[in-house]
Amino acid sequence: MTLIKPGDSQWKDLLSQGAKALGQAPDENALEKCAAFARLLAQANNRVNLSSIRDPRDMAVKHFADSLALIPYIPEGAKVADIGSGAGFPGLVLAIFRPDLQLTSIETIRKKANFQRHAALELGLSNVKIYNIRAENWKTEGDKGLLFDAVVCRALSDLSAILSWARPMLAPKGQIIAMKGPKGAQELEELDQSCLNDPPLKARVAEYSLPIEKAKRSLVIFS
């Protein structure tokens, strides 16, 4: 197997292939910014533990390409919150591929939030704000008047917890999108239906395959 380094030309080709598999047509600017982001992450991960995914191929597919599965579900010009954003996935990748979005990244762990701030500055992402707070404290510690058209998260928690954190920051007619593994539909079936009340939410599941690897993934969408 050919050795791939984070952000090199082969890495970009792999990300481009993954993006196309998810129906996206990445331009060179987006690919280059993702490559620079990957290099920053790999360098920082050598000093502090930001992500358990370190293999460059896995990084391209499981972090970067997977983040793109959200794109078809987010309207143009939307205000988006990524809660529990870790090292910046999916939030910073969305901000790179969709500069029309206003992205707010909310991360509890200081070293991860600090890395995101550094990466956003280095990448020139003017459409991103990072908050080092807990999602449930948004109304008291965040931008209190700001509500979001979409609240997204990836591999964060159970659906009931996600709903309790995301609802207070959701704008009218907004949606909550939880990125899940292959059992998203099962998790939704097991969710206490009272969680969908006050105000009422409709729920659906969109299934997809992780590019290259073909592993099953799902989006649980509340609107």
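Side chains are part of it too, since the values below use all heavy atoms of this structure and drop only hydrogens, waters and symmetry mates. As the structure is a prediction and not an experimental result, all values here were calculated from the model.
- Within the 3.5 Å criterion, the main-chain N or O of Leu210 finds no donor-acceptor partner in the side chain of Arg217.
- Put simply, the side chain of Arg54 gets close to the backbone of Asn45: a donor and an acceptor are under 3.5 Å apart.
- Here the shortest heavy-atom pairing between Leu22 and Ala65 reads CD1-O, 3.1 Å.
- Contact check for Asn49 versus Lys111: side-chain heavy atoms found under the 4.5 Å cut-off.
- Two residues are said to be in side-chain contact when any heavy atoms from C-beta on lie closer than 4.5 Å; Tyr131 and Thr104 meet this criterion.
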Requested in this report: Show your working on side-chain contact (heavy atoms from CB on, under 4.5 Å) between Leu125 and Lys33 and close with a plain yes or no.
Outcome: CA-CA 10 Å; Leu125 299 180; Lys33 282 193 175 184; 4.2 Å; yes
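- Using a distance-only test at 3.5 Å, with no hydrogens or angles considered, a donor-acceptor pair links the side chain of Trp138 to the main chain of Leu146.
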| field | Criterion side-chain contact (heavy atoms from CB on, under 4.5 Å) on Ile106 and Ile133, from CA distance to verdict | value | CA-CA 6 Å; Ile106 301 171; Ile133 61 174; 3.9 Å; yes
Side-chain donor-acceptor pairs under 3.5 Å in residues 169-184, sequence neighbours left out?
residue: Gln175; atom: NE2; partner: Tyr73; partner atom: O; Å: 2.4
residue: Lys180; atom: NZ; partner: Ser157; partner atom: O; Å: 2.5
residue: Lys180; atom: NZ; partner: Glu187; partner atom: OE1; Å: 2.9

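- With contacts defined as side-chain heavy-atom distances shorter than 4.5 Å, the pair Lys5/Pro56 does not qualify.
- Side-chain contact annotation: Tyr208 with Asp66, donor-acceptor N/O pair under 3.5 Å present.
- Put simply, OG on Ser51 and CG on Asp58 are 9.5 Å apart, with the number rounded to the nearest 0.5 Å.
- Nearest heavy-atom pair across Asn197 and Arg167 is O-NH2, 3.2 Å.
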Audit row: Glu136, Ser164, side-chain contact (heavy atoms from CB on, under 4.5 Å) steps and yes/no: CA-CA 8 Å; Glu136 57 265 41; Ser164 70; over 6 Å; no
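- Of all the heavy atoms in Asp8 and Ile4, the pair that sits closest is OD1-CG2, 3.6 Å.
- A salt bridge does not link Arg154 to Glu107: none of the charged nitrogens lies less than 4.0 Å from a carboxylate oxygen.
- In terms of modelled atom types and a separation under 3.5 Å, the side chain of Asp149 and the main chain of Lys79 share a donor-acceptor contact.
- Around the CZ atom of Arg134, the shell of radius 6.0 Å holds no more than 12 heavy atoms that belong to other residues, nucleotides or ligands.
- A salt bridge links Lys12 and Glu32; the closest N-O separation between the charged side-chain nitrogens and carboxylate oxygens is under 4.0 Å.
- A chain of hydrophobic side-chain contacts below 4.5 Å, direct or via other Ile, Leu, Val, Met, Phe, Trp or Tyr residues, connects Leu70 to Leu101.
- No side-chain donor from either of Ser218 and Glu207 sits under 3.5 Å from a side-chain acceptor of the other.
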Could you pull out every donor-acceptor pair under 3.5 Å between side chains of residues 189-196 and any protein atom, sequence neighbours left out?
residue: Glu190; atom: OE2; partner: Gln186; partner atom: NE2; Å: 3.1
residue: Asp192; atom: OD1; partner: Ser194; partner atom: N; Å: 3.0
residue: Asp192; atom: OD1; partner: Ser194; partner atom: OG; Å: 2.9
residue: Asp192; atom: OD2; partner: Ser194; partner atom: OG; Å: 3.3
residue: Gln193; atom: NE2; partner: Leu191; partner atom: O; Å: 3.1

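- Using a 4.5 Å cut-off on side-chain heavy atoms (C-beta onward), Val205 and Leu219 make no contact.
- Checked against the 6.0 Å centroid criterion, the rings of Phe97 and Phe64 do not qualify as a close aromatic pair.
- Looking only at distances, no side-chain donor or acceptor of Lys20 sits under 3.5 Å from a matching main-chain atom of Pro26.
- Scanning all heavy atoms of the two residues, the minimum distance from Trp11 to Ala38 falls at CZ2-CB, 3.5 Å.
- Remark: Arg98 engages Asp100 in a salt bridge, criterion side-chain N to carboxylate O under 4.0 Å.
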Going through the distances and angles, do Ser223 and Leu201 end up as a side-chain contact (heavy atoms from CB on, under 4.5 Å)?
CA-CA 5 Å; Ser223 58; Leu201 289 173; 5.8 Å; no
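- Distance CG/Leu41 to CE/Met59: 4.5 Å, rounded to 0.5 Å.
- Between Leu31 and Glu28 there is a side-chain heavy-atom pair separated by less than 4.5 Å.
- Taking all atoms of both residues into account, the shortest heavy-atom contact from Leu50 to Ala44 is CD1-CB, 3.5 Å.
- The two atoms that bring Leu92 and Ala119 nearest to each other are CD1-CB, 4.2 Å, heavy atoms only.
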